[in-house]
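Comments concern the structure below.
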Amino acid sequence: MKKYISFALMTIALSFGFVSCDVETDEEPGGTNVEKMAGRWEVTVDAYDTDGKLLYEDPYGMGVIEVRTYNTADNNSTQMWLDDVNNFWAFKFKTNINYEARTFSNEAVDYDAAASGKAVVTNGKILEGAAKNLHGMPNDSIVFDIQFDDDDYGFVYRISGQRYTGFYE
């Protein structure tokens with residue numbers, strides 16, 4: 001009986017050696033076309049006038065909020081999504097990028113799906129290794145100015161911060 005069980009187990013083990021996976025594609029796995037600009041960011045919002053003078057630090061008392069940047073569905077290298085995940089002005093739109101320079105900006109664009117207003121982004125930059133986390137390690141930072149046409153105060157908001165690391169700061 002042991003001989004039959006051993007023979008059956010050996011047959012099963014050998015049959016796995018004759019099975020292989022087919023290569024479905026010649027594509028090498030990798031990131032997206034905007035992978036160095038994409039991320040989850042911990043940022044603060046300050047209000048400036050149109051001349052660039054600081055008016056209010058954290059004008060709405062939000063503290064640190066989350067903003068996300070990520071690739072578009074067609075994975076092109078000239079646009080990415082800019083999304084505040086409903087933490088500030090509930091904006092989510094595609095913005096034009098220069099991937100090599102790590103900059104982004106856009107003219108007036110509908111900032112949400114309901115087309116309730118327009119947003120203009122200027123001076124957008126991703127600075128690799130320019131920030132320091134709580135432990136002193138280098139981290140990427142983000143900064144951009146955004147203005148909304150439906151803002152009663154007409155502020156230019158500077159949103160700046162650093163990439164989320166997953167560690168408690």
Side-chain angles (χ1 to χ4, degrees), residues 25-133 137-166 169:
T25 167
D26 292 333
E27 301 266 335
E28 289 294 321
T32 67
N33 285 333
V34 297
E35 69 182 307
K36 292 190 178 189
M37 294 180 76
R40 179 175 166 186
W41 307 90
E42 294 178 325
V43 299
T44 57
V45 179
D46 297 321
Y48 288 77
D49 66 14
T50 54
D51 294 327
K53 179 183 173 197
L54 177 63
L55 298 174
Y56 304 102
E57 290 184 11
D58 194 10
Y60 302 111
M62 297 177 298
V64 176
I65 63 169
E66 178 182 329
V67 168
R68 294 183 184 174
T69 56
Y70 45 91
N71 65 299
T72 59
D74 61 354
N75 195 27
N76 69 52
S77 60
T78 60
Q79 286 187 317
M80 71 177 178
W81 283 98
L82 185 60
D83 184 355
D84 76 345
V85 199
N86 295 325
N87 288 316
F88 172 48
W89 214 270
F91 64 79
K92 179 181 178 179
F93 56 87
K94 293 178 188 176
T95 186
N96 299 317
I97 67 170
N98 178 331
Y99 187 71
E100 296 303 317
R102 307 287 191 266
T103 59
F104 57 97
S105 65
N106 60 271
E107 299 294 321
V109 63
D110 292 336
Y111 67 77
D112 63 7
S116 60
K118 304 259 186 217
V120 175
V121 172
T122 55
N123 305 317
K125 298 175 195 157
I126 306 287
L127 304 165
E128 295 181 46
K132 299 267 187 229
N133 68 12
M137 299 300 295
N139 195 9
D140 296 345
S141 70
I142 188 172
V143 63
F144 62 96
D145 294 336
I146 189 166
Q147 191 169 18
F148 303 97
D149 70 348
D150 58 353
D151 180 11
D152 294 335
Y153 302 108
F155 292 154
V156 175
Y157 297 98
R158 176 153 306 142
I159 298 179
S160 60
Q162 62 180 307
R163 190 180 297 276
Y164 174 75
T165 63
E169 298 290 329

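This chain uses plain numbering: 1 for the first residue, then up along the sequence.
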Ignoring hydrogens and angles, write down the donor-acceptor pairs under 3.5 Å from the side chains of residues 103-110, residues two or more places apart or on other chains.
{"unit_1": "N106", "atom_1": "OD1", "unit_2": "T95", "atom_2": "OG1", "d": "3.0"}
{"unit_1": "N106", "atom_1": "ND2", "unit_2": "A119", "atom_2": "O", "d": "3.2"}
{"unit_1": "D110", "atom_1": "OD1", "unit_2": "K118", "atom_2": "NZ", "d": "2.8"}

Taking C-beta and beyond as the side chain, do I146 and F91 meet within less than 4.5 Å on heavy atoms? yes
Could you list all the salt bridge (charged side-chain N to carboxylate O under 4.0 Å, His left out) pairs where at least one residue sits in residues 67-79, not counting sequence neighbours? E66-R68
Working to the nearest 0.5 angstrom, can you tell me the gap between N76 CG and I97 CD1? 7.0 Å
Quick check against the 3.5 Å criterion: does N75 have a side-chain atom that pairs as donor or acceptor with the backbone of T32? no
Separation of R163 CZ from I126 CD1 (nearest 0.5 Å): 6.5 Å
Can you tell me if M137 has over 12 outside heavy atoms packed within less than 6.0 Å of its CE? no
Verify the neighbour count for atom OH of Y56: are there more than 12 heavy atoms of other residues, nucleotides or ligands below 6.0 Å? no
Between A130 and S141 the two heavy atoms that sit nearest each other are CB-OG, 3.8 Å
Drop me the distance from N123's CG to R158's CZ, to the nearest 0.5 angstrom. 7.0 Å
Can you name the one residue among F93, W81, F148 that meets ring-ring contact (aromatic ring centres under 6.0 Å, His included) with Y111? F148
What residues, two or more places apart in sequence or in another chain, satisfy ring-ring contact (aromatic ring centres under 6.0 Å, His included) together with Y157? F88, W89, F155
When rounded to the nearest 0.5 angstrom, what distance separates CG in N71 from CD in Q79? 11.5 Å
Whether Y99 side chain and K36 backbone form a donor-acceptor pair below 3.5 Å: yes
Beyond-backbone contact of Y70 with D83, side-chain heavy atoms, under 4.5 angstrom: yes
Between N139 (side chain only) and K132 (backbone N and O only), is there a donor and an acceptor less than 3.5 Å apart? no
Shortest non-hydrogen contact between N98 and M37, atoms and distance: O-SD, 4.4 Å
Can you find a heavy atom in the side chain of L82 that is under 4.5 Å from one in the side chain of V67? yes
For D46 and E57, which heavy atoms make the closest approach, and how far apart are they? OD1-CA, 3.2 Å
Straight-line distance of I65 CD1 to N86 CG, nearest 0.5 Å: 10.5 Å
Answer whether the closest heavy-atom distance between the side chains of T78 and N96 falls below 4.5 Å. no
Taking atom OG1 of T69 and atom CH2 of W41, what is their separation to the nearest 0.5 Å? 5.5 Å
Here the pair of heavy atoms bringing G154 nearest to Q147 is O-NE2, 3.3 Å
Least distance between heavy atoms, V45 atom then P59 atom: O-CD, 3.3 Å
